[in-house]
*Asks:* 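Below you'll find the structure I mean.
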Amino acid sequence: RAQSVAQVEAAKRMHLALERQAAVDLLTGLPNRRALEPAMRSARASAAAEDRPIALMILDLDGFKATNDTLGHLAGDQLLRAVSERLSDALAEDETLLRLGGDEFAAVLPNVDNETDVPEAAHRLLAALDEPFDLGPRHERLRTSIGVAITGEHSQPEGLLRHADMALYEAKRAGGSMALVFEPAMELRATSTSTMTRALRDADFDAEFRPVYQPIV
């Protein structure tokens, strides 16, 4: 019986260890996408006592693909590890950095003041990646875009992530190297674009379109 209890305990420890590993990005050692929702819920619970919102920031490395393509995956991995170290150093102790996958990172900020904490944190993250990275004989610079979403009264993690992604898209569309906070108008533009894209994809061009030619003189 003692052996059976020991085996059960060992199995439980193994299960817990596997769960922890599943929530960790193996390349950088950061929490991964699976840890994002628990991190946001934990921050929300912490912020509830102060009756203050939390912020989610999604970061995208605009120049990473070119580096990865030209220098190879080993250099790309080295660059991602260096990025994760700089971002970790730039965040406060109660702020959580995650790697969502590829060249996309996230930061969860509890107890934020919209007017001061969010712009200050975004500036810290952008400044952390402003200096070039040494990759052997080359110095690589990255342009970084950040999308920010801030919780409202009934915000859920999945809605917060969607809003941060929309703000990130707007930041990249505006040229990158900036941080934008989600605004409702962004969702209207995204919905309109999606509706038009689906309509064009499914359209009967012979029946629904009439080409008009304008001569250029």
Side-chain angles (χ1 to χ4, degrees), residues 16-17 19-61 80 83-130 144-172 174 176-191:
L16 290 173
E19 280 191 337
R20 286 193 294 269
Q21 291 176 13
V24 173
D25 175 56
L26 296 180
L27 177 65
T28 63
L30 296 173
N32 63 19
R33 182 177 286 274
R34 290 188 62 175
L36 179 59
E37 183 171 334
M40 286 194 286
R41 293 194 183 280
S42 175
R44 188 71 181 271
S46 172
E50 302 289 334
D51 194 26
R52 298 177 69 182
I54 70 168
L56 171 65
M57 296 186 173
I58 305 295
L59 298 85
D60 187 86
L61 310 178
L80 289 172
V83 166
S84 69
E85 290 171 4
R86 287 198 192 177
L87 293 176
S88 295
D89 290 342
L91 289 175
E93 187 175 342
D94 63 343
E95 298 168 348
T96 303
L97 179 68
L98 308 94
R99 182 186 175 213
L100 302 185
D103 61 349
E104 197 169 66
F105 293 80
V108 179
L109 283 61
N111 296 314
V112 297
D113 182 315
N114 298 2
E115 300 297 325
T116 58
D117 294 340
V118 171
E120 192 271 336
H123 174 76
R124 277 189 279 128
L125 295 177
L126 289 172
L129 303 182
D130 192 47
T144 308
S145 300
I146 302 178
V148 185
I150 301 169
T151 52
E153 185 179 355
H154 303 293
S155 299
Q156 295 298 317
E158 58 272 16
L160 201 64
L161 178 59
R162 188 176 71 254
H163 288 171
D165 276 331
M166 289 178 185
L168 173 64
Y169 172 78
E170 292 287 340
K172 291 174 71 70
S177 292
M178 68 176 69
L180 291 181
V181 178
F182 171 79
E183 298 176 354
M186 295 178 181
E187 188 162 21
L188 292 175
R189 283 195 292 271
T191 301

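For clarity, every value in this text was computed on a predicted model and none was experimentally measured. We use all heavy atoms of the structure for the numbers below, so side chains are in, but hydrogens, waters and symmetry mates are not.
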*Asks:* Answer whether the closest heavy-atom distance between the side chains of Glu183 and Met166 falls below 4.5 Å.
*Replies:* no

*Asks:* Calculate, to the nearest 0.5 Å, the distance between atoms CD1 and CZ belonging to Ile54 and Arg44 respectively.
*Replies:* 6.5 Å

*Asks:* Does any non-hydrogen side-chain atom of Thr96 lie less than 4.5 Å from one of Met40?
*Replies:* no

*Asks:* So Leu109 and Asp117, do their side chains get closer than 4.5 Å, heavy atoms only?
*Replies:* no

*Asks:* Please name the pair of heavy atoms, one in Asn111 and one in Ala47, separated by the smallest distance, quoted to 0.1 Å.
*Replies:* OD1-CA, 2.9 Å

*Asks:* With side chain to side chain contact (heavy atoms under 4.5 Å, CB included) as the criterion, how do Leu125 and Leu91 come out once you've worked through the C-alpha distance, each side chain's angles and the decisive distance to 0.1 Å?
*Replies:* CA-CA 8 Å; Leu125 295 177; Leu91 289 175; 3.7 Å; yes

*Asks:* Taking C-beta and beyond as the side chain, do Ser145 and Met178 meet within less than 4.5 Å on heavy atoms?
*Replies:* no

*Asks:* Rounded to the nearest 0.5 Å, what's the gap from CG on Leu80 to CZ on Phe105? Could you check?
*Replies:* 5.0 Å

*Asks:* Side chains of Leu126 and Ser177: does their closest heavy-atom pair fall under 4.5 Å?
*Replies:* no

*Asks:* Run the salt-bridge test on Glu120 and Arg124 with the 4.0 Å N-O cut-off and return the result as yes or no.
*Replies:* yes

*Asks:* Measure the OG1-NZ distance between Thr144 and Lys172 for me, rounded to the nearest 0.5 Å.
*Replies:* 9.5 Å

*Asks:* Measure the CG-CD distance between Asp165 and Glu170 for me, rounded to the nearest 0.5 Å.
*Replies:* 12.0 Å

*Asks:* For the residue pair Arg34 and Ala23, what are the closest heavy atoms and their distance?
*Replies:* CB-CA, 4.5 Å

*Asks:* Do Thr151 and Leu56 have side chains that get closer than 4.5 Å, going by heavy atoms?
*Replies:* no

*Asks:* Please, which pairs that meet salt bridge (charged side-chain N to carboxylate O under 4.0 Å, His left out) have at least one residue in residues 97-108, sequence neighbours excluded?
*Replies:* Asp25-Arg99, Arg33-Glu104

*Asks:* Within the structure provided, determine whether Ser84 and Leu27 are in side-chain contact (heavy-atom separation under 4.5 Å).
*Replies:* no

*Asks:* Step by step, would you call Arg41 with Glu37 a salt bridge (Lys or Arg N to Asp or Glu O under 4.0 Å)?
*Replies:* CA-CA 6 Å; Arg41 293 194 183 280; Glu37 183 171 334; 3.0 Å; yes

*Asks:* How far does CG of Leu160 sit from CG of Leu36, to the nearest 0.5 angstrom?
*Replies:* 8.5 Å

*Asks:* Atom CG of residue position Asp89 - does it have more than 12 heavy atoms of other residues, nucleotides or ligands inside 6.0 Å?
*Replies:* yes

*Asks:* What's the separation between atom CG in Leu59 and atom CG in Leu97, rounded to the nearest 0.5 Å?
*Replies:* 8.0 Å

*Asks:* Would you say Phe182 has more than 12 foreign heavy atoms packed within less than 6.0 Å of its CZ?
*Replies:* yes

*Asks:* So which atom in Val181 and which in Ala167 form the shortest heavy-atom distance, rounded to 0.1 Å?
*Replies:* C-CB, 4.2 Å

*Asks:* What pair of heavy atoms forms the shortest contact from Val118 to Met57, and how long is it?
*Replies:* O-CE, 3.5 Å

